[in-house]
Structures are given as C-alpha cells and as structure tokens.
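Single-structure report; data block below.
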Number of protein chains: 4
Amino acid sequence: MSALRSDAARSRARILDAARTLDRATLRLNDVAREAGVGVGTVYRHFPTVHALVEALSADTLDTMLATSRRAAADPDPGDGLALYLRSALTLQLEDGGLQAVLLSPDDEAESVRTAKREIFESFTSVLESARAAGIVRPDLTVDHLAHLVCGIEHAVRLGTPDDFPLLLQVMLDGLRPPASR
Amino acid sequence: MSALRSDAARSRARILDAARTLDRATLRLNDVAREAGVGVGTVYRHFPTVHALVEALSADTLDTMLATSRRAAADPDPGDGLALYLRSALTLQLEDGGLQAVLLSPDDEAESVRTAKREIFESFTSVLESARAAGIVRPDLTVDHLAHLVCGIEHAVRLGTPDDFPLLLQVMLDGLRPPASR
Amino acid sequence: MSALRSDAARSRARILDAARTLDRATLRLNDVAREAGVGVGTVYRHFPTVHALVEALSADTLDTMLATSRRAAADPDPGDGLALYLRSALTLQLEDGGLQAVLLSPDDEAESVRTAKREIFESFTSVLESARAAGIVRPDLTVDHLAHLVCGIEHAVRLGTPDDFPLLLQVMLDGLRPPASR
Amino acid sequence: MSALRSDAARSRARILDAARTLDRATLRLNDVAREAGVGVGTVYRHFPTVHALVEALSADTLDTMLATSRRAAADPDPGDGLALYLRSALTLQLEDGGLQAVLLSPDDEAESVRTAKREIFESFTSVLESARAAGIVRPDLTVDHLAHLVCGIEHAVRLGTPDDFPLLLQVMLDGLRPPASR
DNA sequence: TATGAATGAGGTTTCATTCAT
DNA sequence: GATGAATGAAACCTCATTCAT
C-alpha cells in the first residue's frame, strides 16, 4: 500500500477507531462516518465495502493469529501445539467480532490478508497433521472441520456469556480425541 | 387458533409455501407476497412480523422436536435419551433453518410456540439431569450450555457440508463426557 | 326508505351508536364496524360513503334545526327570530360535529336531508329578510354570509373551550347590526 | 440556520416551490418529491415532517406578520393598531393557507418559528391591552378569543368567496366593541 | 482528497373498498 | 343480508451508494 498523505492517514485512523466502537454485525458505513466525524465519501474512499473495513479492523488480530499459529506449528509437543492453536483462535475470534467473517470469506480485499490467511491455514494444517500422526486426534478430522468447529464454539459462547468459554472450549478439545483413547 | 375461513386458509398456505422457497435469513414480507401471488396486506394480516412467519414455518418441526423430547425424557437409558435428544435436535435445526431463531427468541408470537418451547426445555432438563445423575456427562454442564452447543454445531455444519454432520455431532457427544470417564 | 328486516335494523342501530362514540372528523368505516361488532361489509351496505353515515348521524339534529327554523320564521319579532335562529344553529353545530359538513355539502345522500336543508334555508332567508326590513342587520348581509359566519364562529369556539361560546356568539350578533345603529 | 451548500439550497427551493403548487391541507411528502423532481429522501432530509414543510412555506408570511404586529403595537392610536393587526392577520391567513396551522400548533419545528410566534403574540397582547384600556373593545375579550375569531372568520371567508372578506372582517371588528359603545 | 447532500429502490405499514364465503 | 379476509395502491421512511461541490 502506498504511503498515505498525512490527512488521509488521519482520516483512516479516525474511521477505524470509530468503527471499533460500533457493533460489528450491523456496521453501516454512514454510522461509521458520523461517529468518525468524517464524510461518508471519505469512508468509501478508504474502504469500498463493509468487508474491506472489517478486514482492516481485524488486521492486528490476524497478525496475532499468524504469530500464534507459527508458534503452535513449532511446538515440539503436538498436543500442546494443537491446544495452543485452538485456544488462541477461539480467544481471538471472541475478542474480535469480525475475525470469523475475515477468515471464512473466500474473497479477500487486501493482499496482506490473503497471505496471512494462507500461512495461518498452512501452519494449522501442519499442527493438525502432527497431532494426527501422534494419534491424539480423530483421524477423520480435517482442517476445515476444526476451523468450522472453532466458529461453532464461538457461536455457542456468544449465545451465552463469556464465562462459558473455558467449558465449551474444553468440550470441543475433549471431543477431538480419537475414540480409541477413551 | 380459531378455524380459518377457507379463503383465509388458502392464502395462509400459499404464503407459507412461498416463504419456504425463500432464504429464511433474509425473509422480506414483500417478497413473500409477490412470490405467493398475494397482496402485501394479506401477508401482514396473517403474519404481522417476519418472526411470526418464521415461527409458523417452524411449527411442524417444533412439534416433532416436542415429541422427540418426550421420548428422550421417557427413555430408561439416560445416555440413549441424551443422544437421541441431541441428535434429533441438531437434525431438525439443520433441516429447518429458522428453528434456531425460534428456539432462541425470548419473545414468541404464538402461544403454542411458547408452550412447546417450555415443555421441550423441561424435557431436556430432565434428560440432562438423568444423564448427570448417571455420571455420563460433565457435571458442570447446564441445559443452556447444551442448547448453545447444538446451535454451535449447527453453525459448524452449515459452514461445511451436510456430510460433516455425523462427525461434528460425535465430537460434541464425546466432548460432553466427564473428564473422569477417560 | 323501505322497511328494514329486523336484523338489518338492529345492525343499522348498532352502527349509528358505535359511530357516535368515535371522532366525527376521522371517521373510518372499518373502525365503526369493529366498534359496532359488525362486519365492514354491513357498514358499507347501510352507508355507502362516510358522508352517508355522517348524514344519518345528524338526522335528529337536522330535524331539530328544521323545527327551530320554523319557529324563528314565525316569530313576530324579527330580532328575536334571528337571534333564536343563529343561537340555536350554533348550539346544534357545536353539539353535532358532523352537522356543518351536512349543511355545507352540495350533494346529499338522503332525499330527506335535501328537503330539510332546503326548508331550513328558506326559513332562514325569510328570517333574514324580516330582520333586514326592520333595519336591524346590515343590509349587505346574505344568507350565505350568515351561514358561513355561524360555521366560522363554530370553528372559533372549537379552537378554545365551550365556555367561549356565549362571548363569541355575542360578538357575531353585535357585528351583524347595521353601521347606522351605533 | 447555517449556510446551505448551493446544491442543497437549490433542492430546498425546488421543494418549496413544488409544495406551493399543492393543496396545503393534504400535503404528502411523496407528492412534493415527485412534483419537485427530487428524491423522496431529499425531501425528508430537508423536512422531516409535513409540519416542518408547512412551517417553512409560511416563513415569509410569518415574518410579515411579525413586522406588522410590531407596527400595530407601535401605533399611537389603539383602535388603528388593533384594526391594522386584525386586518393584516386575516389577510395573511387567507393568502397563506398553512399559516393558521403554524400559528395554532403547540409544537414548532423551527426555533425561528417559535420565536416569531411568541413575539407576535406579545405584540398582539399589548395591542389588545391598549385597546381595552381605551375602552374600544369588550373588556372580556382575551388574546386567545381574538386569535380564534380571526381563524373563524378565515374559515367563513373560505366557505364563500374572497369578495366576502371586507364584509366579514367588518362584522368581526364591529362585534368586538364594548356593549356600552352602542 | 474530503465532503455530505442527493438519490431512489425497496422495506414496512395502513386503509378504503371489494367480494368470496 | 352479513361477514371479514383480501386487495393493492400508496403513504412513510431508511439506507447503501453516488457524485456535485
């Protein structure tokens, strides 16, 4: 991305700050503009679609997820690696209400997002393969299954309270084990 | 519900049929009217809100769920009862895209829906209590946890394909067992 | 009007009773039907238009007005006759919120209304002519002027409280005198 | 009111012009939009309610009324002042079919309208008090009585033809004199 | 580049009237 | 004759997006 003029950069920052104060599920660019004290046109210039804004809002979280996925893939203990990955993915998705949409979207606005997502999924694949090789997860589980499960558990936690997080996470983790291990 | 005049019943049926052909998540009463070949006013007379229509669309499924919940509560084997309940709940929610919304809504349009939901939850509670007493589920699980988990797994299945259903259901079922049982 | 079947007569009465409980200015035949516990179609059968209903509601008042106008025309004292007529017209119009519309409408639904209105206006004309001949009203005043003035004063009283009635009536009466009489 | 952008000012003017061609009593913002060749949303942006538009349509007339009321209050002759005020109020109300609604509404949209109305009524009060002190009006007349009478005479004139104006005005003016003055 | 007014399709809702029952 | 569901035009209003300023 080319360097922004300083006023453009300031607008962009104000827009992102404002958007963070609003409900991600019902984001409307008009509201963002009003909240940011900026014209609607300015919001559209920086973010042509709602999804582009959602991606931008999740940029930091995505970076964190990427870093964590690398650490998970590097963990010598496959079980620890998988647990680390799943726990942190769920935590991040719960913290960042737009992350699920970014991860699931087949169309990315920003190239950086596409790259990060690809590497995250690659790391995740390697984590899962290690775990499967170690016999600590069901052999029929795919990366997509796991990703969808995380989204499902996120959904379940959102239906209740944040306090439900540890329990529901644990249910998922326990459920992943191969039948033989019981 | 009092008996409908035959013409009213015909309209109601056409509206429900038309609504079934449309995406439950983005139902618009205008579209329903056009699709049903009926005046907008007629749709609004029968279903004052989108939610009222969604409820009506799920009436049969809700009845099925009620019947199953009774059978589950009556099952002498707590494990079978719980599995029956969870499997069928998930199946029905997957078949009926509006059921989750009906079950989760705190405000019911139709009295019959309120009644059915209450009895379903009561049966469910009794099923869970039996299972807990038999030591075959985590003791810290509440009915709400389970209901939310079913919704979460529904969400996960929808993100993938219907083929994922057995696996993801099994992951949930396995995850519900108490830690001690491993 | 031909004799009504007893049930039709009952419906008619219920409709008129119900209509009397509603605001004459915003009469809606649907509301009347609901209030009367009768189908909309029944209301339409009896009263094809809102105006037809308004006329029917004012039938008694119109009769009273007719009787008074005859007495006014028969009064040997032109001043008393005129005052009687104007005071009672205003009183009746204030009591019966639909009377002004009936009196002003160029199109009458019921023949009886047309007849009554014509005779009222004739009596009124004769009252005014006597008064003019006696030199107690401005010579340039027509019957229409007077009728409109009564409607205007009715409007003025309605903008305030019923207590304003005597004063505003008196203002009108005083204003009618010929300039010479001061 | 802050300065409008030139395009906004143009729209506003077109809307007001269009509205002037329509019947003030049955104004519908949709019709105004069509007539003005402007989107409905634009009309709603400028005038959130029909009343707001009616107020705006009467802005100039209200200014004129305010100016006249000041002159009336400043007139050394109480009779001339009162006559000036009443004649001009009636003239303006007859010319501007929405003025009566604006004057009578307890809820003003625009602050400027509220202010103008208050000052008009204050001037009017002072005019009436002078007249009363001079013994040239009935002592029991209040400002509200007079305002309502003007509305009533307006109504009466509208029921006939504009030619009735001088006569009906004169009737009102004569009627205001104290009984003693005859 | 930033602005925010304008757009106008399309949602919801209401209602006078009709007409099948 | 009575009923009230159906009609569908049309009102109100919102909103994502465009584009003149």
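We use all heavy atoms of the structure for the numbers below, so side chains are in, but hydrogens, waters and symmetry mates are not. All chains are named by letter (A, B, ...) in the order of the sequence lines, taking the proteins before the strands, and each is independently numbered beginning at 1.
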Please enumerate all residues that pass side chain to side chain contact (heavy atoms under 4.5 Å, CB included) together with B/A110, with sequence neighbours excluded. B/E55, B/S112, B/V113

Side chain proximity check, A/L103 to A/Q100, heavy atoms < 4.5 angstrom: no

Treat a base pair as Watson-Crick or G-U wobble with both distances under 3.5 Å, then lay out DNA chain F in dot-bracket form, 5' to 3', with | for cross-strand pairs. .||||||||||||||||||||

Considering residues at least two apart in sequence or located in another chain, which fulfil the salt bridge (charged side-chain N to carboxylate O under 4.0 Å, His left out) criterion with C/R118? none

Taking salt bridge (charged side-chain N to carboxylate O under 4.0 Å, His left out) as the definition, give me every residue that meets it alongside D/R158, ordered by chain and number, with sequence neighbours left out. D/E154

Examine the side chains of D/Q93 and D/H155 and answer whether a donor and an acceptor come within less than 3.5 Å of each other. no

Between F/dA2 (C1') and C/R45 (CZ): distance, integer Å: 8 Å

Which residues pass the salt bridge (charged side-chain N to carboxylate O under 4.0 Å, His left out) test with A/R34, sequence neighbours left out? A/D31

Under 4.0 Å, heavy atoms only, any strand: does B/S11 hit a base, just the sugar-phosphate, or nothing? sugar-phosphate

Contact between C/H46 and C/L16 at the side-chain level, heavy atoms closer than 4.5 Å - yes or no? no

Whole-Å gap separating P (F/dA5) and CZ (B/F47): 14 Å

To the nearest angstrom, the NE2-C1' distance between B/H46 and F/dG4 comes to 11 Å

What is the distance, rounded to the nearest whole Å, between atom CD1 of A/I15 and atom P of E/dG4? 12 Å

Identify which one of D/V50, D/D96, D/L99 satisfies the side-chain contact (heavy atoms from CB on, under 4.5 Å) criterion when paired with D/R24. D/D96

Measure the distance from CZ on C/R34 to C1' on E/dC15 and round it to the nearest whole Å. 12 Å

Give the B/S/- string for nucleotides 14-21 of chain F, one per nucleotide from 5' to 3', where a protein heavy atom under 4.0 Å of the base yields B, of only the sugar-phosphate yields S, and otherwise -. -SBBB--S

Roughly how many Å is it from CZ in D/R14 to P in E/dA6, rounded to a whole number? 11 Å

